[in-house]
Amino acid sequence: MTGNSEDPNADVQYHIEVGPEDVADTVLLPGNPERVDKITEFWDDHEERAYHREYRTATGTYDGTPISVTSTGIGSPSAAIAVEELARVGVDTFIRVGSCGAIQPDMEVGDLVITTGGVRQEGTSKEYVREDYPATADFEVVSALIAAAERLGYDYHTGITMSADSFYAGQGRPGFEDFQAAGGEELVENLKEANVKNIEMEAAAIMTIANVYGLRAGAVCSVYANRITGEFRTEGESRASECASLATKLLAKMDEKKAEAGVDRWHAGLSLD
């Protein structure tokens with residue numbers, strides 16, 4: 001599907017090229033377009049709806065629950081465009097699905113990190129709201145991701161995620177010819193001491209923008225590297241995908257329970273069975 005209008009309020013969105021009929025209420029947000037195929041492997045069925053630039057969208061069902069996925073590319077600027085345009089076509093829940101570097105020594109490669117809040121080191125969210133506004137995950141999304149990880153039997157951690165704007169200097173890695181950004185040598189250690197769990201590049205912006213608009217958002221990432229122990233393997237990607245997909249079904253169940261109880265928010269007193 002293609003759109004000819006640059007009007008950001010048009011039905012078919014300018015960058016992601018989807019309209020209201022193309023996506024479910026909940027959309028998973030991986031960075032890499034290739035990860036779309038790895039996510040939809042867990043679904044009952046799916047159909048690709050659009051592919052423009054870094055934005056690839058597919059929609060289907062997971063265990064009977066409508067679900068969509070849109071890749072965002074690398075970094076918060078492009079992720080913010082996806083959230084903006086998906087919100088304009090009716091999406092109300094966003095789950096970032098990605099990879100990350102862990103910065104606590106007890107975290108293993110392949111573990112999951114379920115974000116509860118974010119350190120806004122990225123610059124995109126600062127263009128939406130003042131810097132002391134918190135990047136927080138919606139507690140329904142966090143609860144659904146935890147319940148999904150428990151049901152699947154996957155090891156997971158919950159806590160604060162730092163989102164950076166660069167892979168190298170902004171995450172304390174040396175740049176070209178061993179360039180070191182100011183403060184870079186202490187960055188990871190300072191974050192570790194503050195009990196931050198992991199580093200990636202999109203979650204804080206996604207959560208901040210969703211909160212500004214009154215929408216639900218959260219993140220689950222697979223640990224690819226532990227910056228403290230030096231361990232690195234591309235492992236556990238499928239776990240984050242499966243966890244987020246099951247969480248989507250559990251969120252739909254939460255919404256049903258809320259409707260039955262006549263309440264606005266799900267709480268621990270409402271069963272998910």
Side-chain angles (χ1 to χ4, degrees), residues 26-43 62-63 67 69 71-75 79 94-119 121 137 141-164 167-168 170-173 187-189 191-204 206-207 217-251:
T26 297
V27 178
L28 310 188
L29 300 175
N32 189 347
E34 294 179 1
R35 195 170 285 157
V36 170
D37 291 328
K38 297 177 181 179
I39 289 173
T40 56
E41 286 178 358
F42 294 101
W43 299 1
Y62 173 85
D63 198 13
I67 187 172
V69 55
S71 58
T72 65
I74 297 175
F94 303 89
I95 303 178
R96 155 113 169 102
V97 182
S99 58
C100 67
I103 55 175
Q104 296 298 329
D106 62 337
M107 300 171 70
E108 302 289 339
V109 169
D111 288 356
L112 299 179
V113 182
I114 296 170
T115 298
T116 58
V119 178
Q121 187 168 302
V141 176
V142 172
S143 297
L145 287 168
I146 290 172
E150 289 281 356
R151 293 187 181 193
L152 293 168
Y154 293 151
D155 291 331
Y156 67 93
H157 309 265
T158 61
I160 305 297
T161 293
M162 188 273 267
S163 297
F167 184 80
Y168 294 98
Q171 297 187 33
R173 294 185 175 96
L187 176 67
V188 171
E189 182 63 25
L191 290 169
K192 179 178 78 70
E193 291 300 317
N195 201 30
V196 174
K197 301 297 184 184
N198 62 322
I199 301 175
E200 52 80 81
M201 298 181 67
E202 294 86 15
I206 291 169
M207 294 185 302
V220 57
C221 290
S222 299
V223 173
Y224 273 14
N226 188 304
R227 299 289 303 279
I228 305 302
T229 66
E231 186 180 12
F232 174 81
R233 294 192 309 277
T234 54
E235 183 177 310
E237 181 179 53
S238 63
R239 297 174 191 169
S241 301
E242 187 176 13
C243 182
S245 297
L246 177 53
T248 299
K249 177 180 175 60
L250 296 177
L251 283 164

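Just so we're clear, the structure is a prediction, and the values are computed from it rather than from any experiment. No hydrogens, no waters, no symmetry mates; every other heavy atom, side chains included, goes into these values.
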Over all atoms of both residues, closest heavy-atom pair of [X] and [Y]:
X	Y	value
H157	D106	CE1-O, 4.1 Å
E242	Y154	OE1-OH, 2.6 Å
C100	V113	SG-CG2, 4.1 Å
S241	I39	OG-CG1, 3.3 Å

Under 3.5 Å, is there a donor-acceptor pair between the side chain of [X] and the main chain of [Y]?
X	Y	result
E202	G31	no
R96	V220	no
T116	G159	yes
Q104	V196	yes
N226	M107	yes
R239	G110	yes

Would you check if there is a donor-acceptor pair between the side chains of S163 and E200 at a distance under 3.5 Å?
yes
Can you tell if the side chain of V223 reaches within under 4.5 Å of the side chain of L112, non-hydrogen atoms only?
no
Could you go step by step and tell me if T40 and V69 meet the side-chain contact (heavy atoms from CB on, under 4.5 Å) rule?
CA-CA 8 Å; T40 56; V69 55; 4.1 Å; yes
